[in-house]
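First up is the structure itself, then whatever we jot down about it.
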Protein chains: 4
Amino acid sequence: MNIHSLVMADGSTREDKKECILSAALELFAEKGFHGTAVPEIAQKAGVAAGTIYRYFASKEAIVNAVYQRHKSQLLASVMADFPYDGNARAQVHHFIAATFGFAKKHPLAFKFLELHHHAPYLDDKSREVEQSVVAMANGFVEQHEHNKVLRKAPQGVLAGLVWGAMVGLIRAGWEGRCTELTPKAEIAFEEAIWDAVRRPDTT
Amino acid sequence: MNIHSLVMADGSTREDKKECILSAALELFAEKGFHGTAVPEIAQKAGVAAGTIYRYFASKEAIVNAVYQRHKSQLLASVMADFPYDGNARAQVHHFIAATFGFAKKHPLAFKFLELHHHAPYLDDKSREVEQSVVAMANGFVEQHEHNKVLRKAPQGVLAGLVWGAMVGLIRAGWEGRCTELTPKAEIAFEEAIWDAVRRPDTT
Amino acid sequence: MNIHSLVMADGSTREDKKECILSAALELFAEKGFHGTAVPEIAQKAGVAAGTIYRYFASKEAIVNAVYQRHKSQLLASVMADFPYDGNARAQVHHFIAATFGFAKKHPLAFKFLELHHHAPYLDDKSREVEQSVVAMANGFVEQHEHNKVLRKAPQGVLAGLVWGAMVGLIRAGWEGRCTELTPKAEIAFEEAIWDAVRRPDTT
Amino acid sequence: MNIHSLVMADGSTREDKKECILSAALELFAEKGFHGTAVPEIAQKAGVAAGTIYRYFASKEAIVNAVYQRHKSQLLASVMADFPYDGNARAQVHHFIAATFGFAKKHPLAFKFLELHHHAPYLDDKSREVEQSVVAMANGFVEQHEHNKVLRKAPQGVLAGLVWGAMVGLIRAGWEGRCTELTPKAEIAFEEAIWDAVRRPDTT
DNA sequence: CATGAATGAGTTTTCATTCAT
DNA sequence: TATGAATGAAAACTCATTCAT
């Protein structure tokens, strides 16, 4: 028994309860958006009283921001984990796509939430900071390989926007039934297509 | 004097007023989302009284659906207009991309609105139908050329999702300052990349 | 029919309704204080729906401030009206006391309200400004006559505090049944006592 | 922050804790009023848990009544202590004023609290009883000396209301910066003024 | 038809009180 | 006995919708 996870009456801990709230909020925000979700709804889905929410979060906005930061960081971590810094661009693209698809399949609600709440006006500075760091990393990667004549020459941001957009587009297509779920076959086809899109054409 | 454009006291017509409301709604919904926009706000921006809205639309949901259907159809029409049915796949891809970027640049609010309200729970059957017809057309196009061995082989929906997603990704990147505005140069680079992504690799 | 007092369905005007709200608020705030009064209570006593209040006032704080400013100004006006600027100090003291008691008898709730909300943290700058002007006037009066050796010498603010406090004390005593209602007899006795308190003793 | 917290660290007694709660409540109620103060706030300032409050007091109302009764009694005791029952009216007035001002200077929060919660609807019968006994004493004193032709003739309650009100007025003026703090000089001037107000005029 | 004041259910948030530990 | 997390009723405030004019 330690101060940071006191065990409660029902066997749950403080952290458990916060987790329940965050998880309920993720689900509802992903489904119905921020303004479309009422705090008591979150409370009910989390199995707590409405007032209890406010023992853990200062406001509804604080909840979205907590959810956003948590899952954006998770996504970033998923992509960064085992990233082949010393590999070639092809291997890095593979890792990036596989990691992103892996995250989207494992945490579809989180991915949906992140897409839906992207650049929302109620996100705070810290949330935007997390977002910025992801963008910066992507641009850095592209520029480095572009400069090394491995990637296609294109105005700043075009390749990054294309690749990220294409992945989101495919994942969304999966959710909405416009394509079969992300099978390994689909992933491979996608990856090859994207590689042909971004690599410098005169390269073999 | 005809039924569809009764002239009113102030010289305006029924259609004029409806137009004002739809245009105000488009702007606000694109900026602040459906739940983030109040009906009286729309009325004010449209220059009519709040109650007047309800002579033209049964509810707030009816407004958002009207806006969605109108601009989704417009987008579809833009892409279909002068479509080179008899041209080769390359020319068709060019037309598609140019038309879509053209629409996004000419009607940025409409494009933003459509992306933001994509698959929202308050969209009705008719809105979904419009969406479906767009998807069907895209898939038809892809399948035809895939079968003709012009396009890359990939599971159903992958190429369409990739291309559409990539375009949305680039346009968003422009809005959010992650890349320069959509210059002709950027469009050309994008188009070449996408063509390399979708064409059958062993084709020259 | 004029713009500033449009006649409504029930024959009432916009101003009438605002009046009802202010009057209901005065009564409740005087009785139960600011924090002790709920907005729906005000609405009910005013005979309007809770939401209607917010068509007339931006917030609960805006209501107290409107009530405060209105009645503080009225009190000031009552005291200033027909003030014998050219009379001697005795006549001025008489006028001041008579006018204040007159106000307190005619508008007991307003007087009670003003005493109860004196210097409350939710009063805004404008309310404080009104208060300041009253204090400044009182001090100016005292200093002038003190200097002319008509009034007793005392540190700044003592005589003003004493006189105002004494009046409030007597009025409160009346409310709380500690003395008979403010009969003319009581007023005369009070006035003579106060005059003996403030005049310079060696004066006859 | 309270003086009793150190004591509680080693062996805390029931009375110690009750003291802490009452002292915290006094401070907060005096500053922010009854409805403006939250029970958990009192608990925090008292250095106890919110639930603990309810082992000592049945409700928030019980706290405010306990505070009221305690300090009203204290004030009464301060005035009664060493009261010159055998002295003349002048000496008694002096004692009364000096004792009241002494209390107000020594326990400004208590004095402010008592003024602020005077006749509040949440005060119970016992609180009102304490208040009554003070009033009765004051009236008894006045009537006795009036009858002895020492004090001015005035309807029942007028002189008591005047004197008490004047004192409160002066003390408030001090709090609000309308006069210098209660210096001995100010007290003397006040006392002389009040004596001239209440004594029978034809008496020297 | 157009208006916009009025409505009241719904929103987010607070807080006096309880109760399992 | 003391705790403080949990509660849920009630607070202030918003807004989609109605309806008398």
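Note: hydrogens, waters and symmetry copies are ignored here, and every other heavy atom, side chains too, is used. Every chain is numbered from 1, with letters handed out A, B, ... down the list of sequences.
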- Query: Distance check: side-chain N/O of A:Y56 vs OP1/OP2 of F:dA5, anything under 4.0 Å?
  - Reply: no
- Could you tell me the separation between the CD1 atom of B:I63 and the C1' atom of F:dT17, rounded to a whole number of Å? 11 Å
- Query: What is the distance, rounded to the nearest whole Å, between atom CZ of B:F57 and atom C1' of F:dT18?
  - Reply: 18 Å
- Whichever of D:A50 and A:A50 has its nearest DNA chain E nucleotide further upstream toward 5': A:A50
- Message: Using whole Å, what does the distance between atom P of nucleotide E:dA5 and atom CG of C:D16 come to?
- Response: 15 Å
- Message: Quick check on E:dT17: is either OP1 or OP2 less than 4.0 Å from any side-chain nitrogen or oxygen of D:K60?
- Response: no
- Note on the structure: Of D:I53 and A:T52, the one whose nearest nucleotide on DNA chain F sits closer to the 5' end is D:I53
- Query: E:dC15 phosphate, OP1 or OP2: any side-chain N/O from A:Y54 under 4.0 angstrom?
  - Reply: no
- Note on the structure: Residue pairs meeting salt bridge (Lys or Arg N to Asp or Glu O under 4.0 Å), one or both in residues 62-74 of chain D, sequence neighbours left out, come to D:E19-D:R70, D:K72-D:E131
- Query: Whole Å only: how far is the CD atom of A:E41 from the C1' atom of E:dG10?
  - Reply: 12 Å
- Note on the structure: In whole angstroms, the gap separating P of F:dA11 from CD of C:Q44 amounts to 12 Å
- Item | Counterpart residues, side chain to side chain donor-acceptor pair (under 3.5 Å), relative to C:S127 (two or more places apart) | C:N65, C:Q69, C:D124
- Query: When you measure from the side chain of A:R55, which nucleotide among E:dG4, F:dA6, F:dA5 comes out closest?
  - Reply: F:dA5
- Find the distance B:I42:CD1 to F:dT17:C1' and express it as a whole number of Å. 13 Å
- Task: Check the distance between E:dA6's P and C:K18's NZ and give it to me in whole angstrom.
- Result: 12 Å
- Contacts to DNA chain E from residues 31-40 of chain A, heavy-atom cutoff under 4.0 Å, which residues? A:T37, A:A38, A:V39, A:P40
- Can you give the dot-bracket line for DNA chain E, using ( ) for pairs inside the strand, [ ] for pairs that cross earlier ones, | for pairs with another strand and . for unpaired bases, where Watson-Crick and G-U count if both distances are under 3.5 Å? .||||||||||||||||||||
- Those residues that, when tested against C:H119, pass side chain to side chain donor-acceptor pair (under 3.5 Å) (two or more places apart): none
- Sequence neighbours excluded, which residues qualify as ring pair (Phe, Tyr, Trp, His ring centres under 6.0 Å) partners of D:H71? none
- Item | Partners meeting salt bridge (charged side-chain N to carboxylate O under 4.0 Å, His left out) with C:E61 (sequence neighbours left out) | none
- Give a yes/no verdict on a cation-pi contact between A:K18 and A:F57, requiring under 6.0 Å between NZ or CZ and the six-membered ring centre and an angle within 45° of the axis. yes
Donor-acceptor pairs are to be reported for all side-chain atoms of residues 29-37 of chain A against protein atoms at under 3.5 Å, with residues two or more places apart or in another chain.
unit_1: A:K32; atom_1: NZ; unit_2: A:E41; atom_2: OE2; d: 2.4
unit_1: A:T37; atom_1: OG1; unit_2: A:L28; atom_2: O; d: 3.3
unit_1: A:T37; atom_1: OG1; unit_2: A:G33; atom_2: O; d: 2.7

- Any A:K17 side-chain nitrogen or oxygen under 4.0 Å from OP1 or OP2 of F:dA6: yes
- Task: Taking the six-membered ring for Trp and the full ring for Phe, Tyr or His, determine whether the centres of A:F113 and A:H117 are under 6.0 Å apart.
- Result: yes
- Task: Let me know, please, whether A:A49 or C:E61 comes out on the 5' side of the other along DNA chain F by nearest nucleotide.
- Result: A:A49
- Note on the structure: The side chain to side chain donor-acceptor pair (under 3.5 Å) partners of A:K45 (sequence neighbours excluded) come to A:E27
- Pair A:V130-A:S73, side chain to side chain contact (heavy atoms under 4.5 Å, CB included): steps then yes or no: CA-CA 7 Å; A:V130 176; A:S73 304; 4.1 Å; yes
